[in-house]
Chemist: 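This is the structure I want to talk about, given as structure tokens.
The first residue of the sequence shown is numbered 1, and numbering continues consecutively from there. Ligands are counted one by one from 1 in listed order, and the atoms in each one are counted from 1 as well.
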Amino acid sequence: MKLAYSDVKKTAAKLKFRTQAFIDGKFVNAAAGKTYTSINPATGQPITQIAACDSTDVDLAVKAARRAFERGVWSKRSPAERKHVLLKLADLLEKHLEEIALLDCLDAGKPITDCLTIDAPDTVHCFRWHAEAVDKEYEKMAPTGPGNVAMIVREPLGVIGAILPWNFPVQMGAWKLGPILATGNSVVVKPARQTSLSLLRLAELAAEAGLPEGVLNVIPGSGSIIGAALCKHMDVDAAAFTGSTEVGRELLNYSAQSNLKRIVLELGGKNPQLVLEDAGDLDDIARQAVNCVFWNMGENCSSGSRLIVHRKLKDKLLAKMLEVSQEWIVGDPLDPATKVGPMIEESHLNTVLGYIESGKREGAKLVLGGGRTLQKTGGFFVSPTIFDEVKPAMKIAREEIFGPVLSVLTFDQEEDGIAMANDTCYGLTASVYTQDLSRAHRAARALRAGTVSVNCFSEGDATTPFGGFKQSGFYGRDKSIFAHYQYTELKTIWMQLA
Ligand code: NAD
């Protein structure tokens, strides 16, 4: 489908926003009546005012979720009944795909083409996948002697707090909510302060699909206020978090300080793209490598922000990448031709520009971009940027930048390339390029990351778990049946036979 920029702008101008908190099946103002301004990062202008919840709202939402859980309106429905409601939700999301895509485009500055072809369809698919999985999983009987029967069953945890990032607002919502709801839990969601609009609309559609009141609550507001209150709450059984390693660390403290709730964390990354000496088609690798770092403006936990390439291939590959980079048009996210939108907010723009300055200062060679662009729009745009001759000790090679900035490093021996790839406190994703099957296997095993892609950049699909090693996560795995397990408790029922 070919979209016209003018049509997208017209549709966006007619959007209606849900701006109140969604608690116990109703849209309500924050208890204290406060609001905050949501800003469009492409213009720097306000989009709307949103309820600024505080700990009172957290408590109301947790109480509603607990009531729903105890009444069993969802937790005790059969898996097939839950499937039915979640499939209906997926259908409604699909029906309103354009609206959902536009909400994330405006709120997060994500290119509309990506929102329409990746985020929104993946959200629909994610709900369908978890819905379909839930009545196909069997529980277990233990191999006891004839005098006993022992069943090993899984039960929902109870009330879960889900804390979301701003980079894939609705899609990360689905990655959490799909398995949380499919397994019968109630949930209180805190979207990122910058991007609450699509989650509030999703809650409304969930109610329309038949999700009972209180099962899904959405409370917008500040992370340090309501995120912390939710994670410290004594009646929340688990917190599922996607965001920075820094805040993830805090969540473990909150759990220790409160009721030892289960914490599952999906955190940051400084992901390597390892190009071995025998890598195949360099045109294809150039496309994949550029996509891997500039897609979603580099505001992506799986961004391949370190290209670690064999010295013999470096110049040729880099030349091709510079050519391909010209296709990464920076512009208004509402324009279907745009591939790179703005940074999420001004403070993050300044952080990314700070990293670019540090790369220049530390002696890396700037070969593309290197600064702010489209300033007249009022938006927070950064030009796609590539540094060559980066050394492993440089800040741009070590820290997660979360912007469209690539560091190119070189190696001579395969072991050194792998060691360089693993030389990070993170371990979320990695790519390796080689034509040799044995090398590919060896490297895939040696790379310390939750997802390793061979001859491509991929996060897998709904059937595969996604989460990180080392400081990229803490027991957290989104997607696949493994995500169901982390939102359930194992129970043994041991029976003595007469
Ligand atoms: P962030 O950690 O600043 O915020 C994430 C969420 O936590 C937001 O909802 C925020 O309001 C909330 N929060 C902030 N302070 C809090 C506190 N003290 N207590 C509780 N909640 C708090 O991260 P971000 O800037 O929104 O997202 C970017 C980060 O997320 C990057 O590091 C990125 O790599 C990571 N990320 C990881 C994955 C993954 O699957 N591993 C996916 C997307 C993003």
Chemist: Provide the number and element of each atom of ligand 1 under 4.0 Å from a heavy atom of N167.
Modeler: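 Going through ligand 1 atom by atom, the ones under 4.0 Å from N167 are 43 (C), 44 (C).
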
Chemist: Please report which non-hydrogen protein atom sits nearest to atom 25 (O) of ligand 1, along with the residue it belongs to and the distance in Å to one decimal place.
Modeler: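 The protein heavy atom lying closest is W166 NE1, 2.9 Å.
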
Chemist: Please report which non-hydrogen protein atom sits nearest to atom 14 (C) of ligand 1, along with the residue it belongs to and the distance in Å to one decimal place.
Modeler: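 Nearest protein contact, heavy atoms only, for atom 14 (C) of ligand 1 is G223 CA, 3.7 Å.
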
Chemist: Going by the atom numbers of ligand 1, which of them fall below 4.0 Å from some non-hydrogen atom of Y254?
Modeler: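 Reading through ligand 1 atom by atom, the close ones are 17 (C), 18 (N), 19 (N).
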
Chemist: Among protein heavy atoms, which lies nearest atom 42 (C) of ligand 1, and at what distance?
Modeler: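 Scanning the protein heavy atoms, the shortest distance from atom 42 (C) of ligand 1 goes to C301 SG, 2.9 Å.
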
Chemist: Just let me know how E400 lines up against ligand 1, side chain, backbone, both or neither, with a heavy-atom cut-off below 4.0 Å.
Modeler: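 Just the side chain.
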
Chemist: Is there side-chain contact between P333 and K110, with heavy atoms separated by less than 4.5 Å?
Modeler: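 No - every pair of side-chain heavy atoms lies 4.5 Å or more apart.
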
Chemist: Under 3.5 Å, is there a donor-acceptor pair between the side chain of E362 and the main chain of K395?
Modeler: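 Side chain of E362 to backbone of K395: a pair is present.
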
Chemist: What part of L230, side chain from CB on, backbone N/CA/C/O, both or neither, has a heavy atom under 4.0 Å from ligand 1?
Modeler: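 None of L230 does.
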
Chemist: Testing the 3.5 Å rule here: is there a donor-acceptor pair between the side chains of S302 and E459?
Modeler: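 Yes, a side-chain donor-acceptor pair sits under 3.5 Å.
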
Chemist: Kindly confirm or rule out an N or O of N300 lying under 3.5 angstrom from an N or O of ligand 1.
Modeler: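 Checking ligand 1 against N300, no N or O pair falls under 3.5 Å apart.
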
Chemist: Taking 4.0 angstrom as the limit and counting only heavy atoms of L428, give me the atoms of ligand 1 inside it, by number and element.
Modeler: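 So the answer, numbered in order with elements, is 41 (N).
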
Chemist: Please list the nearest protein heavy atom to atom 35 (C) of ligand 1 with its residue and the distance rounded to 0.1 Å.
Modeler: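 Its nearest protein heavy-atom neighbour is G243 O, 3.1 Å.
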
Chemist: Angle class for the W129/H484 ring planes (parallel below 30°, perpendicular above 60°, tilted otherwise)?
Modeler: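 Ring orientation of W129 relative to H484: perpendicular.
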
Chemist: Pairing donors with acceptors under 3.5 angstrom, does anything connect the side chains of S305 and S303?
Modeler: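 Checked: S305/S303 side chains show no N/O donor-acceptor pair below 3.5 Å.
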
Chemist: Between E250 and ligand 1, find which residue part has any heavy-atom pair under 4.0 Å and reply side chain, backbone, both or neither.
Modeler: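 No part of E250 is near ligand 1 at this cut-off.
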
Chemist: Record the part of F168 in heavy-atom contact with ligand 1 below 4.0 Å; permitted values are side chain, backbone, both and neither.
Modeler: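 Neither; no heavy atom under 4.0 Å.
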
Chemist: Taking only residues two or more places apart in sequence or in another chain, which ones pass salt bridge (charged side-chain N to carboxylate O under 4.0 Å, His left out) with E327?
Modeler: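 Scan of E327 (salt bridge (charged side-chain N to carboxylate O under 4.0 Å, His left out), adjacent residues dropped) gives R287.
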
Chemist: Considering distance alone, does some N or O of F402 sit under 3.5 Å from an N or O of ligand 1?
Modeler: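 No; every N/O pair is 3.5 Å or more apart.
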
Chemist: From the options I163, N296, L267, L251, select the one whose nearest heavy atom is closest to atom 12 (C) of ligand 1.
Modeler: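 Nearest option to atom 12 (C) of ligand 1, by heavy atoms: I163.
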
Chemist: Nearest to atom 3 (O) of ligand 1, what protein heavy atom do you find, and at what distance?
Modeler: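 Here the nearest protein heavy atom works out to S244 OG, 4.0 Å.
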
Chemist: Side chain of T338, backbone of V340: donor and acceptor closer than 3.5 Å?
Modeler: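 Pair absent, no side-chain N/O of T338 close to backbone of V340.
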
Chemist: Nearest protein heavy atom to atom 27 (O) of ligand 1, by residue and atom, and its distance?
Modeler: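 Of the protein heavy atoms, P165 CB, 3.6 Å lies nearest.
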
Chemist: Give yes or no for whether the N/O distance cutoff of 3.5 Å, strictly under, is met between G221 and ligand 1.
Modeler: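 There is no such contact.
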
Chemist: Looking at ligand 1, would C231 count as a contact under a 4.0 Å heavy-atom criterion?
Modeler: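 Flag not set, C231 not near ligand 1.
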
Chemist: Can you check whether K190 has an N/O within less than 3.5 Å of an N/O in ligand 1?
Modeler: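 Min N/O separation from ligand 1 is below 3.5 Å for K190.
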
Chemist: Could you tell me, atom by atom, which parts of ligand 1 come under 4.0 Å of a heavy atom of F466?
Modeler: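 Counting atoms of ligand 1 from 1, those under 4.0 Å from F466 are 40 (O).
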
Chemist: Going from CE on M172 to CG on L177, what distance comes out if it is rounded to the nearest 0.5 angstrom?
Modeler: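 Those atoms lie 12.0 Å apart.
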
Chemist: What part of L164, side chain from CB on, backbone N/CA/C/O, both or neither, has a heavy atom under 4.0 Å from ligand 1?
Modeler: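 Under 4.0 Å from ligand 1, L164 contributes backbone atoms alone.
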
Chemist: Can we call the ring centroids of F466 and W175 under 6.0 Å apart?
Modeler: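 Ring centres of W175 and F466 closer than 6.0 Å.
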
Chemist: Would you give the length of the straight line joining atom CZ of F22 to atom CG of N217, rounded to the nearest 0.5 angstrom?
Modeler: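 Reported value, rounded in 0.5 Å steps: 7.5 Å.
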
Chemist: What do we get for T242 next to ligand 1 when only non-hydrogen atoms under 4.0 Å count, side chain, backbone, both or neither?
Modeler: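 For T242, the contact with ligand 1 is made by both the backbone and the side chain.
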
Chemist: Can you tell me how far CZ of F17 sits from CZ of R201, rounded to the nearest 0.5 angstrom?
Modeler: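 Here the rounded value is 12.0 Å.
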
Chemist: For a salt bridge (Lys or Arg N to Asp or Glu O under 4.0 Å) check, start with the C-alpha distance between E132 and K136, then their side-chain angles and the critical distance, and finish with the verdict.
Modeler: CA-CA 7 Å; E132 285 293 357; K136 302 184 180 57; 3.1 Å; yes

Chemist: With sequence neighbours left out, what residues match E357 under salt bridge (charged side-chain N to carboxylate O under 4.0 Å, His left out)?
Modeler: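 Residues passing salt bridge (charged side-chain N to carboxylate O under 4.0 Å, His left out) with E357: K360.
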
